[in-house]
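Protein chains get the first letters and strands the later ones, always in sequence-line order, with residue 1 at the start of each.
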Amino acid sequence: MNRKKTVLIDGTGMLEEVYYALPDNCVKGIRNVVVRIIEEKQTDYIAAAFGNFNKDGIAAEDLKKKQELLKEALADLKIPVFEEEGARSLDLICSLAKNCEKEEKDVSVLTGNETFLMAVNEHVTVLIPGLGEEGVKLINWSADRVKAEFGLEPEQLKEVFSLERGAGIGRKTACRLLIQYGSLKTLYGRKEELESDQVRKALTEYEQQVNKEADSLCMKTDYNLRLDESKTIAESEIAEIMDMDFEPAGFPEEGEEISSSGWIKKEVTDLSDAEAVFARCATGASVGLQLAGTDKKISALALCFSKEECWCLIPQGDLTSEYLKEKTEEIIRQAEEITVLDLKSQLPFLNLNGEKTVFDASIAAYLIDPLKSSYEYNDLANDYLSLSLPSKTELLGKRTITQALEENRSQAVNCICSMAYVSFLCGNILRDELKKTDMEQLFYDIEMPLVYSLFSMEETGIRVERDRLKEYGDRLKIRIKETELKIYEQTGETFNINSPKQLGEILFEKLKLPGGKKTKTGFSTAADVLEKLAPDFPVIELILDYRQLTKLNSTYADGLAAYIGSDERIHGTFNQTITATGRISSTEPNLQNIPIRMELGREIRKVFVPQEGCVFVDADYSQIELRVLAHMSKDARLIGAYQQAEDIHAITASEVFHVPLLEVTALQRRNAKAVNFGIVYGISSFGLSEGLSITRKEASEYIEKYFETYPGVKAFLDKLVAEAKETGYALSMFGRRRPVPELKSSNFMQRSFGERVAMNSPIQGTAADIIKIAMIRVDSALKRQGLKSRIVLQVHDELLIEARLEELDQVKKLLVEEMKSAARLAVPLEVDANVGESWFDAK
DNA sequence: AACTTCACG
DNA sequence: ACGTACGTGAAGTTT
């Protein structure tokens, strides 16, 4: 007789088990299992039951949510769902099973809960996900299988579980004891025979708990639950369910990576599978995307369309890197929203012009909180998803994703999928945050377009004459050696002059020079300290020379040489998510601190040269920060001073010290200049006195006079501090935020720092905004006009262009005009521009 | 890894 | 009494 077959899904038991492996993806995972059972016609009837969770704690809340989702998903599959107030799913399922048996149906219980194994009999089997040879698969536990595995009848397992849970006895021991003694009762009656002290002790000590477990393992099978006969799964329904499947057909189900961090990451190396993924993509409104590779060649593409779907496409055979490139560009054109991390790093692999907005989640997160040290996927997962993911370094060590693909493929896949996944999930959260914080314009009109300008600048690079730099370094090395010997001669000792510790001991202990401790670790030998001693001790000058020479040699001569590529150019990195104020920074190498103030250092700029047929055009803003201050503070007198143009420091001196402009002395001008700097830095008498080597009292008087002269500035700075205290952040003209948590500090030092930051950030930040706008406009004007000249450097208030000779006039005009008109302020934005055969000449 | 020093705006 | 000017990055030394 052919008995009908029923599958009973223990929704709760499945969730509890699967949640461990796939916390974010358990519903989808379980649904897939159920769909497969239906598709493969493994059953005539199907039903599900839900009950209370055994677990509590943090996971319980989430599990409850997942349970509701799973109920919905099963209901969508037209599966009847049973639940009963306060009932355990174990009891509900067993009640159902009992009734099915009466109706002469065979039952399979799909669960993650091993407790069900005790309910196995001739007509009831249990399906539990377990590890097979090829990843996760369902193991069908029949009565024979239970006997083979445990050596016991299924019903005896109740006592095994009681011993395990109640007395903490291991499964193997528990089975052995029950095989030997037959039942718990007999075991307890004869426990004195036991050889193991440990087991005997556990049995005695935990007898109560064992009995309690045994009681709770008794099934309650009298719930009156019945399957509706009409709910037989019809052929038509199977077809319908298969259509509902939102997975592209034909994907590898076996051998897929099951991650502990929560989503299914699938590796695709086959062209037809890749086509299916891209087809899936076409319907996706929102996509998280990440590329990896080297030399513009894609080595992996990760795509995330939903919380449950993350694909990693790796070129192989027919599935070529070029194909991935074209498809990626297509997706970017078609998708409603594309989110990536670090867009600039993605541009080498794609032909994009910025026409379509690609949302850079890292930059969005930077705008929202610019004080973070990094904005990698694990940082964003922590901050916006409350999800702790292993960092790139933890997964790959020092390797890149491309390198790791060869040596440690699964970790590389994990890493790049994590990036796409986090992009996908954070995208909308960050879009909302930008809206809430009023930074959408800043983001979409300044930061995103800037990505392309910075990329272009990096790609262009700047030419550096290798041989000439080498000669410069050699000259330095000779002078270093000479100076070094003179210092040894004068101090009567050979020591490491580069060691502040050794130098301090020689100067202040051995030679007993005046001066004293200044740093935590010992004597300060900083230049400003030594300079005060220089007139009296000739060795000091030698040491300062030595310092300057070694600095130039190691950081610039040798340092820069290491970055010159085979194209004779240096392609540095310009970072957009580093500074607290909105400036960009430059690394590997730092091209924003090439010497200029000292004559010898300035020489280095002679090795920065344009390529053949080009010249440099350099343009910088004249006192952009003070002009921003004049604008933002609306101080009439300061604005007036700038409208007269000329020498702002001299005008300031004239007004502050009440002398005619033409009678301002060099000293007065110098003092006024220092005050101007101080204002921008967030003035304090301590700082100014230090900067001018005057007393604090004198410094206070200068500041007081300054504020008397420019009362609008005083009011403005006070307002900045007050507002930052109120809101917790400082604001630039374009809405850029800089949090100032120090303002809340009870520490005077910290709080004072916070006040200076509140005064400086809006000024520095606005200046940064303005040059960013200028950069974008200059860059796009060059490209729009079909010119070959390119921006090669940005140094905060300066842009350097490598200009084709034939484009020189046009470029120079364009550069100056775009910079001047980048923002409309109450005072003119003045720009100084120069042309030269080297960076040295163009300044 | 922290500290010191020093190059730039 | 407190004890720093604001914003960066790199190199070298010490721990």
Participant: Not counting sequence neighbours, which residues clear salt bridge (Lys or Arg N to Asp or Glu O under 4.0 Å) with A/E505? List them please.
Facilitator: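 Checked A/E505 against salt bridge (Lys or Arg N to Asp or Glu O under 4.0 Å); zero matches.
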Participant: Classify the nucleic acid contact of A/G678 as base, sugar-phosphate or nothing, counting any heavy atom under 4.0 Å across all strands shown.
Facilitator: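 The answer is base, as A/G678 lies within the cut-off (heavy atoms under 4.0 Å) of a base atom.
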Participant: What's the closest nucleotide to the side chain of A/S554 if the choices are C/dT13, C/dT4, C/dA11?
Facilitator: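 For A/S554, the side-chain atoms sit closest to C/dA11.
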Participant: With a cut-off of less than 4.0 Å, is there a side-chain N or O of A/S585 near OP1 or OP2 of C/dG9?
Facilitator: yes
Participant: Which residues in residues 447-458 of chain A have a heavy atom closer than 4.0 Å to any atom of DNA chain C?
Facilitator: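 Within residues 447-458 of chain A, no residue comes under 4.0 Å of DNA chain C.
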Participant: Taking any heavy-atom pair under 4.0 Å as a contact, classify A/A758: base, sugar-phosphate, or nothing.
Facilitator: nothing
Participant: Going 5' to 3' through nucleotides 4-9 of chain B, assign each nucleotide B (protein heavy atom under 4.0 Å from a base atom), S (under 4.0 Å only from sugar-phosphate atoms) or - (no protein heavy atom that close).
Facilitator: SSBBBB
Participant: Once side-chain hydrogen bond (donor to acceptor under 3.5 Å, both in side chains) is applied, do any residues pair with A/K372, and if so which ones, sequence neighbours excluded?
Facilitator: A/D383
Participant: Within the structure, does a side-chain N or O atom of A/S499 lie under 4.0 Å from either OP1 or OP2 of C/dT14?
Facilitator: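 Answer is yes, contact under 4.0 Å.
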Participant: Taking the six-membered ring for Trp, are A/Y488 and A/F495 parallel (under 30°), tilted (30 to 60°) or perpendicular (over 60°)?
Facilitator: perpendicular
Participant: Hey, where does DNA chain C pair up into stems, meaning at least three consecutive Watson-Crick or G-U pairs with distances under 3.5 Å?
Facilitator: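 Looking at DNA chain C, the stems formed by three or more consecutive pairs are B:1-9 with C:6-14.
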Participant: Who pairs with A/F753 by ring pair (Phe, Tyr, Trp, His ring centres under 6.0 Å), at least two apart in sequence or on another chain?
Facilitator: none
Participant: Who are the ring pair (Phe, Tyr, Trp, His ring centres under 6.0 Å) partners of A/F523, not counting sequence neighbours?
Facilitator: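 For A/F523, the residues satisfying ring pair (Phe, Tyr, Trp, His ring centres under 6.0 Å) (neighbours in sequence not counted) are A/F508.
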Participant: Quick check on contacts: within residues 744-753 of chain A, what sits under 4.0 Å from DNA chain C by heavy-atom distance?
Facilitator: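 Within this stretch, A/F748, A/M749, A/F753 sit under 4.0 Å of the strand.
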Participant: If you take any heavy atom closer than 4.0 Å to DNA chain C, which residues from residues 616-624 of chain A end up in contact?
Facilitator: none
Participant: Which donor-acceptor pairs under 3.5 Å do the side chains of residues 682-692 of chain A make with protein atoms, sequence neighbours left out?
Facilitator:
from: A/S684; atom 1: OG; to: A/G687; atom 2: N; distance (Å): 3.0
from: A/S689; atom 1: OG; to: A/S685; atom 2: O; distance (Å): 3.1
from: A/S689; atom 1: OG; to: A/F686; atom 2: O; distance (Å): 2.7

Participant: For DNA chain C, which residues of residues 716-739 of chain A approach it to below 4.0 angstrom with any heavy atom?
Facilitator: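 A/R738 - these, ordered by number, are the residues of the stretch whose heavy atoms sit under 4.0 Å from the strand.
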Participant: Do the side chains of A/E802 and A/R569 get close enough for a salt bridge, i.e. N-O under 4.0 angstrom?
Facilitator: yes
Participant: Please identify each residue that fulfils ring pair (Phe, Tyr, Trp, His ring centres under 6.0 Å) with A/Y702, with sequence neighbours left out.
Facilitator: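 Ring pair (Phe, Tyr, Trp, His ring centres under 6.0 Å) check on A/Y702 returns A/F657.
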Participant: Can a side chain N or O of A/N760 be found less than 4.0 Å away from OP1 or OP2 on C/dA5?
Facilitator: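 For A/N760, the contact criterion (side-chain N or O under 4.0 Å from OP1 or OP2 of C/dA5) is not met.
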